[in-house]
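See below for the structure under consideration.
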Amino acid sequence: MSENMAPLDGESQKKRVCYFFDSDIGGFHYGPGHPMKPTRIRMCHSLVMNYGLYKKMEIFRAKPATKREMTQFHSDEYVDFLNNVGDDCPVFDGLFDYCSISAGGSMEGAARLSRDKCDIAINWAGGLHHAKKSEASGFCYVNDIVLGILELLRYHTRVLYIDIDVHHGDGVEEAFYTTDRVMTVSFHKYGEYFPGTGELRDIGIGKGKYYSLNFPLRDGISDENYKSVFEPVIRQVMESYDPSAIVLQCGTDSLSGDKLGCLNLSMRGHANCVKFVKSFNKPLLLLGGGGYTMRNVSRAWAFETGLAAGVELAPEIPVNEYYEYFGPDYELDVRSSNTEDMNTPEYLERVKNIVLDNLRHLGGPPSVQMSDVPKMPIDEAMDDSRQDEDLIPPDTRRHRRLLDSRIQADGELSDSDDEGEGGRRDHAHHRDRDSEPRSHSSEVESAAGRRFGIGVGILSSGAAGSTHGAGPSGHTTVVRPVLSGHLPMEASTPTTIESGPTPIEPSVVNGTTDHTSGDKSPKTNGMVVDHDNGASGES
């Protein structure tokens with residue numbers, strides 16, 4: 001296996017993982033000074049690709065959710081206008097498209113789980129748990145979680161929703177407050193904190209009484225204390241409720257050092273929740289959520305993507321287009337701080353006993369009357385997975401969509417898609433010894449310096465005709481000598497390479513060398529890291 005990852009110990013069953021990413025998501029912006037930055041999802045995807053996790057799972061670009069699909073939960077008027085917003089939910093350019101991408105990934109992930117096309121579906125652009133039926137709230141406009149759960153309920157009798165965001169999952173709880181087909185469990189900071197809901201006594205009403213569980217926390221909870229309450233509560237929920245599918249909202253504002261959070265979880269403490277829930281071997285939908293320190297958000301979600309795929313990522317972050325964001329240590333870990341834990345053992349034990357006592361009122365899993373599965377527009381896309389084959393250019397030998405859906409077997413000896421790993425080289429023909437070696441992740445020598453590949457890309461930039469944006473994003477990164485102290489190699493600014501009469505400007509795109517002619521600019525989706533001028537964003 002690659003030096004960037006190692007198989008998990010005790011992994012008894014390999015999971016089929018579907019990973020959803022739309023390259024357009026990083027292009028949206030809430031506005032200057034706003035803490036919510038969709039770029040964090042693109043940063044996470046960059047780590048996922050450069051660690052080589054794409055070999056372990058299928059990658060999809062979900063069809064954006066339509067107005068009709070959104071109105072399964074939201075009101076017609078709200079979806080039509082999406083303008084009933086507050087100060088924390090600004091109206092920005094492309095707002096509806098942003099909501100469509102987020103909701104589409106969660107709905108298609110749920111649909112693939114229901115049809116047994118995968119065991120775990122991941123949509124880090126989802127998890128917007130504050131949105132209400134006719135109201136935007138807490139940076140959330142469309143509640144993709146509710147839409148995903150509604151899709152699961154078409155096939156599953158009972159669905160469990162778990163929320164580990166620092167904020168209470170009020171929008172999801174409110175949507176299912178009166179039903180026993182969905183149990184909501186939220187671990188969150190409570191007390192003079194947004195959104196102000198999620199009290200211990202909020203347990204549901206009517207048919208849904210005791211099917212809403214809230215575990216209010218105080219500031220600074222540590223990994224050990226969080227684990228001491230999360231695992232016994234979830235274990236008892238699984239025994240008492242016996243769900244047939246699980247949705248886990250992995251908001252990372254519960255991590256230590258978050259700009260808006262006040263808890264003190266490390267990356268591994270947060271990821272332990274994912275690992276524990278995964279161990280129940282139920283269809284699992286992993287969603288994003290809060291998280292406002294971008295470098296930590298991307299670290300945690302990339303690590304948890306690895307856990308879902310059955311591997312543990314190496315601590316050293318591979319070179320990628322956002323490499324400078326992860327300085328000065330360039331490591332994957334997010335450590336806890338020395339913040340005081342205000343959650344005393346006595347307080348946690350008392351709250352845990354009350355929550356477990358509420359579970360005892362269930363009297364076993366509720367029964368559900370059998371009925372026909374209602375037909376929805378998404379069924380057509382799921383039933384005919386090859387409906388878009390006619391859109392693939394016939395002259396493209398290996399289209400990006402085909403490579404995204406390919407999973408490399410553990411014992412596979414050929415790395416033909418990724419020549420250069422482990423010291424392997426795709427050398428030029430022996431008759432052309434003076435030509436450049438074409439290796440995806442090896443350095444390309446030039447007269448004035450050396451250029452290094454950016455980790456491992458999923459395919460070369462030659463598939464220019466591709467319309468599928470779920471592969472590696474087309475960022476361009478130049479690694480300069482100022483980083484030589486952190487990198488095990490020297491790097492200097494590359495110079496223009498002449499190829500025939502037309503000047504060519506080479507750029508390294510996801511581990512490949514892209515030669516773009518002077519009259520056509522290379523298409524990029526993100527920032528250019530120039531260490532002379534510094535990288536904009538968080539440090």
Side-chain angles (χ1 to χ4, degrees), residues 1-21 41 43-60 109 113 118-124 246 248 250 252 266-288 296-320 326 330-334 403-418 420-424 440-441 454-458 470-472 510-511:
M1 186 168 289
S2 171
E3 61 183 11
N4 284 333
M5 63 184 82
L8 286 175
D9 295 334
E11 189 75 9
S12 58
Q13 184 178 358
K14 188 175 181 179
K15 303 294 185 182
R16 298 167 297 161
V17 181
C18 290
Y19 171 89
F20 292 88
F21 174 75
I41 302 164
M43 291 176 64
C44 171
H45 182 68
S46 177
L47 290 179
V48 166
M49 301 308 292
N50 285 289
Y51 265 108
L53 282 173
Y54 62 86
K55 302 175 186 177
K56 304 297 178 183
M57 56 194 182
E58 291 183 281
I59 302 176
F60 295 96
L113 288 170
C118 63
D119 302 309
I120 301 175
I122 303 172
N123 177 34
W124 296 130
I246 304 174
L248 177 58
C250 304
T252 50
S266 69
M267 181 190 74
R268 293 184 180 275
H270 190 273
N272 178 71
C273 300
V274 176
K275 191 174 183 179
F276 183 72
V277 173
K278 177 190 172 187
S279 68
F280 290 100
N281 296 319
K282 300 282 187 178
L284 175 60
L285 178 60
L286 291 180
L287 303 176
N296 291 346
V297 174
S298 51
R299 280 176 165 122
W301 286 346
F303 186 78
E304 287 162 5
T305 302
L307 292 183
V311 296
E312 181 172 329
L313 301 184
E316 299 82 14
I317 290 179
V319 179
N320 62 86
F326 302 105
Y330 304 96
E331 293 185 357
L332 190 64
D333 198 18
V334 178
L403 293 178
D404 284 347
S405 63
R406 178 180 179 273
I407 301 177
Q408 179 174 300
D410 289 340
E412 190 168 326
L413 298 178
S414 174
D415 279 330
S416 57
D417 292 338
D418 307 289
E421 283 195 352
R424 299 182 64 210
H440 281 204
S441 59
I454 307 173
V456 178
I458 193 169
N510 300 293

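Positions are given from 1, in the same order as the sequence printed here.
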Within this structure, what is the SG-CD distance for the pair C44 and E304, rounded to the nearest 0.5 Å? 9.0 Å
Is it true that a side-chain atom of Y51 and a backbone atom of A314 form a donor plus acceptor pair closer than 3.5 Å? yes
Are side-chain heavy atoms of L248 and L284 found at a separation under 4.5 Å? yes
How are the rings of F276 and F280 set to each other: parallel, tilted or perpendicular (split at 30° and 60°)? perpendicular
Roughly how far apart are M57 CE and T305 OG1, rounded to 0.5 Å? 5.5 Å
Nearest heavy-atom neighbours spanning G269 and S266: N-OG, 3.1 Å
Roughly how far apart are I122 CD1 and L285 CG, rounded to 0.5 Å? 9.5 Å
Considering only heavy atoms from C-beta outward, does the side chain of E58 approach that of F20 to under 4.5 Å? no
Non-hydrogen side-chain atoms of V48 and Y54 separated by less than 4.5 Å: no
Minimum-distance pair of heavy atoms, taken over all atoms of R299 and M267: O-SD, 3.9 Å
Between R268 and E312, does any side-chain N to carboxylate O distance fall below 4.0 Å? yes
Does P318 offer a backbone N or O that forms a donor-acceptor pair with the side chain of N50 under 3.5 Å? no
Could you check if a side-chain atom of Y19 sits within less than 4.5 angstrom of a side-chain atom of L53, using non-hydrogen atoms only? no
Side chain to side chain contact (heavy atoms under 4.5 Å, CB included), paired with K282, selected from I246, V277, L113: I246
Testing the basics here: between N320 and S46, what is the closest heavy-atom pair and its distance to 0.1 Å? CB-OG, 3.3 Å
Just so I know, are the side chains of L286 and C250 near enough to count as touching, which here means a heavy-atom distance under 4.5 Å? yes
Any L8 side-chain heavy atom under 4.5 Å of V311 side chain: no
Is L332 close to E316 at the side-chain level, that is, under 4.5 Å between some pair of heavy atoms? no
Look up atom CD1 in I317 and atom CZ in F326, then write down how far apart they are to the nearest 0.5 Å. 5.0 Å
Between W301 and W124, the two heavy atoms sitting closest are O-CZ2, 3.5 Å
Closest heavy-atom pair and its distance - A302, L313: O-CD1, 3.4 Å
Closest non-hydrogen atom pair, K278 against L307: NZ-O, 2.6 Å
Residues H270, F303; criterion ring-ring contact (aromatic ring centres under 6.0 Å, His included); working and verdict: CA-CA 10 Å; H270 190 273; F303 186 78; over 10 Å; no
